[in-house]
There are 2 protein chains.
Amino acid sequence: MARRAPRPAGATLPAPGGPRRIPDAAVARLGTYHRVLTDALAAGSCTVSSEQLAGLAGVNASQVRKDLSYLGPTGTLGVGYDVEHLLGRIGVELGLTRHWPVVIVGAGNLGRALANYRGLAARGFVVAGLVDADPTKVGRTVGGLAVEPLEALEGLIAERRVRIGVIATPASAAQEVADRLVAAGVRAILNFAPAPVGVPPGVSVRKVDLALELQVLSYHQVRATTRTRGDGTHPRRAAAPALRPDPRGAGR
Amino acid sequence: MARRAPRPAGATLPAPGGPRRIPDAAVARLGTYHRVLTDALAAGSCTVSSEQLAGLAGVNASQVRKDLSYLGPTGTLGVGYDVEHLLGRIGVELGLTRHWPVVIVGAGNLGRALANYRGLAARGFVVAGLVDADPTKVGRTVGGLAVEPLEALEGLIAERRVRIGVIATPASAAQEVADRLVAAGVRAILNFAPAPVGVPPGVSVRKVDLALELQVLSYHQVRATTRTRGDGTHPRRAAAPALRPDPRGAGR
DNA sequence: TAGATTGTTAATCGATTAACAATC
DNA sequence: TAGATTGTTAATCGATTAACAATC
């Protein structure tokens with residue numbers, strides 16, 4: 001397999017699809033700031049400092065100022081940030097002022113939970129459709145929404161102007177579903193299937209793997225209980241035992 | 001608020017709770033390798049190269065080798081990795097060979113979906129309990145498991161040797177639940193509530209915010225449609241409009 | 001004014017990627 | 001052997017944090 005050519009020193013990347021100004025991690029934190037500021041406003045706060053906001057969001061004050069600087073100047077020197085103003089700026093930048101129709105593919109446990117989840121609607125995400133390939137699931141009502149057949153996917157996306165799709169299918173179906181979503185005009189995908197999906201440039205994908213999250217935690221537990229070698233070394237094992245050079249060894 | 005003292009140059013951190021050898025991001029990828037290797041083994045592959053594994057997992061081959069190096073030597077120079085051997089090494093390191101009893105707090109849509117989710121059981125996570133504060137939910141059966149009252153939490157954790165807790169409650173209850181989980185002996189928390197929870201050192205927390213994931217995607221859409229200023233600058237706004245210095249301004 | 005706080009630059013940290021010597 | 005591939009080091013990249021001049 002061809003070795004990747006070394007990138008010419010100092011070359012700047014062309015940034016496919018135009019420059020993305022705010023890093024995803026910062027966008028996610030801005031969303032958190034928006035939530036805690038909403039609470040702060042309800043509690044009567046008119047202004048907050050970066051120190052205060054950092055405390056509410058559980059991050060560093062420098063990071064708050066850095067994140068907010070992506071929005072352009074939003075505060076007042078020596079005073080802080082006007083809560084209402086800041087809420088407005090974040091809301092506009094992140095699209096929280098709009099409604100985003102979403103289609104969920106897969107009406108299994110996870111898909112139904114998402115369709116029912118009030119936290120999504122509260123932040124402008126409207127479940128415009130819930131489809132499933134299983135005919136026995138079609139017609140069931142979930143959170144006031146009838147499950148539609150998979151064949152309805154394309155029409156539904158076009159009619160209801162869906163831009164965001166959620167994949168809540170088994171891993172085996174994920175890529176095919178992603179292809180159909182993209183072909184039908186979806187521009188962003190949230191993937192809950194435990195398999196990566198490939199998409200053309202310009203389409204955004206976020207992946208959430210619930211089992212993987214738990215696995216990281218179980219590793220922490222293993223680490224905590226297994227007694228650590230102080231020197232951080234591993235026992236040198238005698239490498240892999242007796243490699244069979246691939247005689248197509250009948251999958252056990 | 002006291003400015004953080006500058007860290008003395010060159011000082012190494014004491015690493016609370018002992019050195020954590022493998023970074024979380026690498027642990028998550030190791031989990032992915034485990035999954036794709038399981039498929040590869042079933043398909044008859046006895047060995048894989050880092051290039052092949054990278055292709056299956058959708059990452060860089062250098063990264064595969066780096067990640068695997070955390071396990072100590074696992075491959076054979078000039079040949080590659082023995083699939084079965086590698087599965088074993090990853091499984092032991094991540095705790096995939098054990099059963100992990102898990103308690104889920106909150107039997108709303110998300111909690112019930114998680115309790116029903118077969119992908120968890122498939123990877124060794126056994127839902128040992130599902131509790132809810134709402135008496136009308138108690139007694140219902142979800143995925144063969146009866147919802148128990150919140151009061152049963154501590155007893156359940158002790159009896160069933162639960163080490164991992166999942167918070168699937170509203171934001172308002174998250175911190176109190178976290179405190180009770182930790183007090184009862186839970187050492188790792190997966191938090192689905194849209195609020196950060198504080199825990200004592202030594203306890204691991206992972207946070208998943210479904211609405212935040214969608215918000216990042218909606219931002220991408222806003223960016224894609226809003227025409228970008230070529231120079232990457234922002235229009236200089238006249239800063240925040242007329243700051244009222246906090247006269248307790250009756251929540252609008 | 002004196003005190004407070006932003007916006008930004010520089011320093012630090014950590015994670016990813018490229019390169020290559022070792023060697024099967 | 002010649003070709004392939006690991007394990008690891010060095011280079012790069014990006015994100016976080018500290019520091020501070022500007023100034024309300």
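Chain naming here is simple, since letters A, B, ... match the order of the sequence lines and numbering starts at 1 in each.
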By the Watson-Crick or G-U definition, both distances under 3.5 Å, D:dC24 is matched with C:dG3
Look at all strands and tell whether A:S62 reaches a base, only sugar-phosphate, or nothing, counting heavy atoms closer than 4.0 Å.
-> base
Given atom CG of A:D24 and atom C1' of D:dT16, what is their separation to the nearest angstrom?
-> 16 Å
Atom-to-atom span, NZ of B:K66 to C1' of D:dG7 - whole angstrom | 10 Å
Looking at B:T76, does any N or O in its side chain come under 4.0 Å of the phosphate oxygens OP1/OP2 on D:dT6?
-> no
Give a yes/no answer on whether the side chain of A:Y70 brings an N or O atom under 4.0 Å of OP1 or OP2 in D:dA15.
-> no
Please report, rounded to the nearest Å, how far the P atom of D:dA4 is from the CZ atom of B:R65.
-> 15 Å
To the nearest Å, how far apart are A:R21 CZ and D:dA15 C1'?
-> 18 Å
Could you tell me whether the phosphate oxygens of D:dT16, OP1 or OP2, come under 4.0 Å of any side-chain nitrogen or oxygen in A:R29?
-> yes
Do B:R29 and B:D24 meet the salt-bridge criterion of a basic N to acidic O distance under 4.0 Å?
-> no
Between C1' of D:dA18 and CD of A:E51, the distance in whole Å | 12 Å
Taking atom P of C:dG7 as reference, at what distance in whole Å does atom CG of A:N60 sit?
-> 16 Å
Could you state the CG-P distance from A:D67 to C:dT8, rounded to the nearest angstrom?
-> 14 Å
Just compare D:dT6, D:dT16, D:dT8 and give me whichever is closest to any side-chain atom of A:Q63.
-> D:dT16
Can you find a heavy atom in the side chain of B:E93 that is under 4.5 Å from one in the side chain of B:I22?
-> yes
Comparing A:A26 with B:V48, nearest DNA chain D nucleotide closer to 5' gives the residue B:V48
Watson-Crick or G-U wobble partner for C:dT16, using a 3.5 Å limit on both distances?
-> D:dA11
dist A:I90:CD1 -> A:Y33:OH (nearest 0.5 Å) comes out at 8.5 Å
Drop me the distance from B:D39's CG to B:H34's NE2, to the nearest 0.5 angstrom.
-> 11.0 Å
Minimum-distance nucleotide to A:L77 side chain [options: D:dA22, D:dT6, C:dG7] | D:dA22
Side chain proximity check, A:L181 to A:V105, heavy atoms < 4.5 angstrom | yes
Atom-to-atom span, CD1 of A:I22 to P of D:dG14 - whole angstrom = 17 Å
With the side chain defined as heavy atoms from C-beta on, B:A25 is closest, among C:dC24, C:dT16, C:dT6, to C:dT16
